[in-house]
Amino acid sequence: MSQDEDVARHLLIRGIVQGVGFRWFMAQEARKLRVNGWVRNLRDGRVEALLCGPQAAVAAMIHWASFGPAGARVDEVWVEESPERAQGFERRPTI
């Protein structure tokens, strides 16, 4: 698989990841790296995201998600391949 090949990854991020601007900062990072997808809070305190784009850019986003913004404490990032695709990047409502 080449670094330019498009991939899609579904993430579940656990830790202190709500109330710290995680979704806003993730959206900014995604736009900077030209990664498509979405991010939302889950009622159980986790953050869920879909990342779509070139393999290297998605890998950079996953790396970013393992730390998050200042104020966050990421305990675990669960990643799996996803068949879903997206255009642009959006912050979705909590589910």
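Note that the numbering runs from 1 along the sequence shown for the chain.
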Checklist entry - What is the minimum heavy-atom distance between Ala57 and Val35, and which atoms define it? => result CB-CG2, 3.7 Å

Checklist entry - Of the non-hydrogen atoms in Cys52 and Glu84, which two are nearest, and what is the gap between them? => result SG-O, 3.8 Å

Next on the checklist: Grouping I, L, V, M, F, W and Y whenever their side-chain heavy atoms are under 4.5 Å apart, do Phe67 and Val74 come out in a common cluster?
Outcome noted: no

Checklist entry - With side chains defined as the heavy atoms from C-beta onward, is the minimum distance between Phe25 and Val20 less than 4.5 Å? => result no

Next on the checklist: Working note: Glu29 + Trp24, criterion side chain to side chain donor-acceptor pair (under 3.5 Å); need CA distance, chi angles, decisive distance, verdict.
Outcome noted: CA-CA 9 Å; Glu29 191 71 13; Trp24 189 87; over 6 Å; no

Item to check | Heavy-atom closest pair, residues Val17 and Phe22 | outcome: O-CB, 3.2 Å

Next on the checklist: Can you tell me how far apart CZ (Arg92) and CH2 (Trp38) are? Round to the nearest 0.5 Å.
Outcome noted: 5.5 Å

Checklist entry - Looking only at heavy atoms, what is the nearest atom pair of Ala30 and Phe89, with distance? => result CB-CD1, 3.5 Å

Checklist entry - Taking C-beta and beyond as the side chain, do Asn41 and Arg23 meet within less than 4.5 Å on heavy atoms? => result yes

Next on the checklist: Between Trp78 and Glu48, is there a side-chain donor-acceptor contact under 3.5 Å, judged purely by atom types and distance?
Outcome noted: no

Next on the checklist: Would you compute the distance between atom CZ of Arg40 and atom CE of Met26 and round it to the nearest 0.5 angstrom?
Outcome noted: 13.0 Å

Checklist entry - Under 3.5 Å, side chain of Arg85 to main-chain N/O of Ser82, donor-acceptor pair present? => result yes

Checklist entry - Around Glu81, counting heavy atoms of other residues, nucleotides and ligands shown, do more than 12 lie under 6.0 Å from its CD? => result no

Checklist entry - With hydrophobic residues grouped by side-chain heavy-atom distances under 4.5 Å, do Val39 and Val77 end up in a single group? => result yes

Checklist entry - Closest approach of Val7 and Gln55, non-hydrogen atoms and distance? => result CG2-CA, 3.9 Å

Next on the checklist: Show, in sequence, the C-alpha distance, side-chain angles and deciding distance for Leu33 and Met61, and conclude whether the side chain to side chain contact (heavy atoms under 4.5 Å, CB included) test is met.
Outcome noted: CA-CA 8 Å; Leu33 293 171; Met61 284 295 303; 3.7 Å; yes

Next on the checklist: Nearest 0.5 Å, please: how far is CZ in Arg9 from CG in Leu51?
Outcome noted: 9.5 Å

Checklist entry - Sub-3.5 Å donor-acceptor pair from the side chain of Arg46 to the main-chain atoms of Gly15, do we have one? => result no

Item to check | Step-by-step side chain to side chain contact (heavy atoms under 4.5 Å, CB included) determination, Leu12 to Leu42 | outcome: CA-CA 9 Å; Leu12 289 172; Leu42 298 176; 3.8 Å; yes

Item to check | Path from Leu50 to Ile13 over hydrophobic side-chain contacts below 4.5 Å | outcome: no

Checklist entry - What is the minimum heavy-atom distance between Ala65 and Leu11, and which atoms define it? => result CB-CD2, 4.0 Å

